[in-house]
Colleague: 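One structure follows; several queries about it will come next.
Numbers here are sequence positions counted from 1. What you see below is based on every heavy atom in this structure, not just the backbone, and it leaves out hydrogens, waters and symmetry mates.
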Amino acid sequence: VLKFEAEWCAPCKAMTEQTLSQPDVKAMLAERFVFKSIDVDYEPSTAWTLGVGPIPDLRVFDADGNELARNVGAVGPDALMELLTRLAAS
């Protein structure tokens, strides 16, 4: 799971504070996924290579690098848990 963000991005901060800090989301990410936040200002080549535009941009990839899901914009904890649960079951 890659979360593209920037320090100046208010929706990115809100997603971190309101979604990624939730205990059930944190547990799901820790137990079933590898999670990395990427600051587009510090790693622009990664963002450019993956075609990242508006942020926050959350991408889920399988072990082979195939994109399984994408969400552009802040996502709430319930919606993220629904997505992660569905992907973890497949």
Side-chain angles (χ1 to χ4, degrees):
V1 178
L2 299 179
K3 178 189 178 223
F4 293 92
E5 61 185 356
E7 291 177 14
W8 48 263
C9 173
C12 300
K13 290 179 183 179
M15 186 173 163
T16 297
E17 294 169 2
Q18 298 169 7
T19 300
L20 298 175
S21 66
Q22 295 298 313
D24 55 342
V25 173
K26 287 172 74 169
M28 174 68 84
L29 287 170
E31 293 168 12
R32 305 294 301 268
F33 297 90
V34 175
F35 179 82
K36 178 170 175 54
S37 291
I38 298 176
D39 189 309
V40 298
D41 291 330
Y42 294 106
E43 297 185 51
S45 62
T46 303
W48 184 84
T49 299
L50 293 173
V52 173
I55 53 175
D57 184 325
L58 190 73
R59 311 270 180 108
V60 183
F61 297 90
D62 66 14
D64 296 321
N66 300 305
E67 186 175 307
L68 303 176
R70 176 187 305 198
N71 187 84
V72 178
V75 61
D78 293 339
L80 183 55
M81 278 301 294
E82 181 180 322
L83 172 67
L84 296 175
T85 300
R86 181 173 46 84
L87 292 171
S90 61

Colleague: To the nearest 0.5 Å, tell me how far W8 CH2 sits from K13 NZ.
Modeller: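 The CH2 atom of W8 sits 10.5 Å away from the NZ atom of K13.
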Colleague: Would V1 and M28 show up in the same hydrophobic cluster when neighbours are defined by side-chain heavy atoms closer than 4.5 Å?
Modeller: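 Yes; M28 is reachable from V1 via cluster members.
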Colleague: List the residues meeting salt bridge (Lys or Arg N to Asp or Glu O under 4.0 Å) with D39, not counting sequence neighbours, and say none if there are none.
Modeller: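 In terms of salt bridge (Lys or Arg N to Asp or Glu O under 4.0 Å), with neighbours along the sequence ignored, D39 is linked to no residue.
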Colleague: Is there a path of hydrophobic side-chain contacts, each under 4.5 Å between heavy atoms, that joins F61 and F33?
Modeller: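 Cluster IDs for F61 and F33 differ.
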Colleague: With L50 as reference, evaluate D57, L2, I38 under the side chain to side chain contact (heavy atoms under 4.5 Å, CB included) test and give the passing residue.
Modeller: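 Checked D57, L2, I38 against L50; only one passes side chain to side chain contact (heavy atoms under 4.5 Å, CB included): L2.
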Colleague: Provide the full list of disulfide (SG to SG under 2.5 Å) pairs with a residue in residues 20-76, sequence neighbours left out, each pair given once.
Modeller: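 Not a single pair qualifies under disulfide (SG to SG under 2.5 Å).
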Colleague: Scan L20, V75, L29 and name whichever one has a side chain to side chain contact (heavy atoms under 4.5 Å, CB included) with K3.
Modeller: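 So, applying the side chain to side chain contact (heavy atoms under 4.5 Å, CB included) to K3 and each of L20, V75, L29, only L20 qualifies.
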Colleague: Is there a path of hydrophobic side-chain contacts, each under 4.5 Å between heavy atoms of I/L/V/M/F/W/Y residues, joining V60 to V52?
Modeller: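 Looking at the clustering, V60 is in a separate group from V52.
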Colleague: Specify the closest pair of heavy atoms between A6 and V40, including all atoms of both residues, with the distance to one decimal.
Modeller: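 Nearest heavy atoms, A6 then V40: CB-CG2, 4.1 Å.
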Colleague: Which ILVMFWY residues are connected to Y42, directly or by a chain of links, through side-chain heavy atoms under 4.5 Å apart?
Modeller: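 None, because no other hydrophobic side chain comes under 4.5 Å of this residue.
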Colleague: A side-chain contact here means heavy atoms from C-beta on lying under 4.5 Å apart; do V34 and K36 qualify?
Modeller: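 No; the side chains remain at least 4.5 Å from each other.
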Colleague: Enter the distance from N71:CG to L58:CG here, rounded to the nearest 0.5 Å.
Modeller: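 Nearest 0.5 Å value for the CG-CG distance: 6.5 Å.
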Colleague: Which atoms form the tightest heavy-atom contact between P11 and A74, and what is the distance?
Modeller: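 Taking every non-hydrogen atom into account, O-CB, 3.9 Å.
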Colleague: Kindly list each side-chain donor-acceptor pair under 3.5 angstrom involving residues 76-90, sequence neighbours excluded, with atom names and distances?
Modeller:
unit_1	atom_1	unit_2	atom_2	d
T85	OG1	M81	O	2.7
S90	OG	L87	O	2.9

Colleague: Give me each pair satisfying disulfide (SG to SG under 2.5 Å) with a member in residues 11-90, each pair once, sequence neighbours excluded.
Modeller: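 Non-adjacent pairs meeting disulfide (SG to SG under 2.5 Å): C9-C12.
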Colleague: Minimum heavy-atom separation for F4 to R59, with atom names?
Modeller: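 Shortest heavy-atom contact: CE1-CG, 3.9 Å.
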Colleague: How would you list all residue pairs meeting disulfide (SG to SG under 2.5 Å) that involve residues 49-90, not counting sequence neighbours?
Modeller: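 Not a single pair qualifies under disulfide (SG to SG under 2.5 Å).
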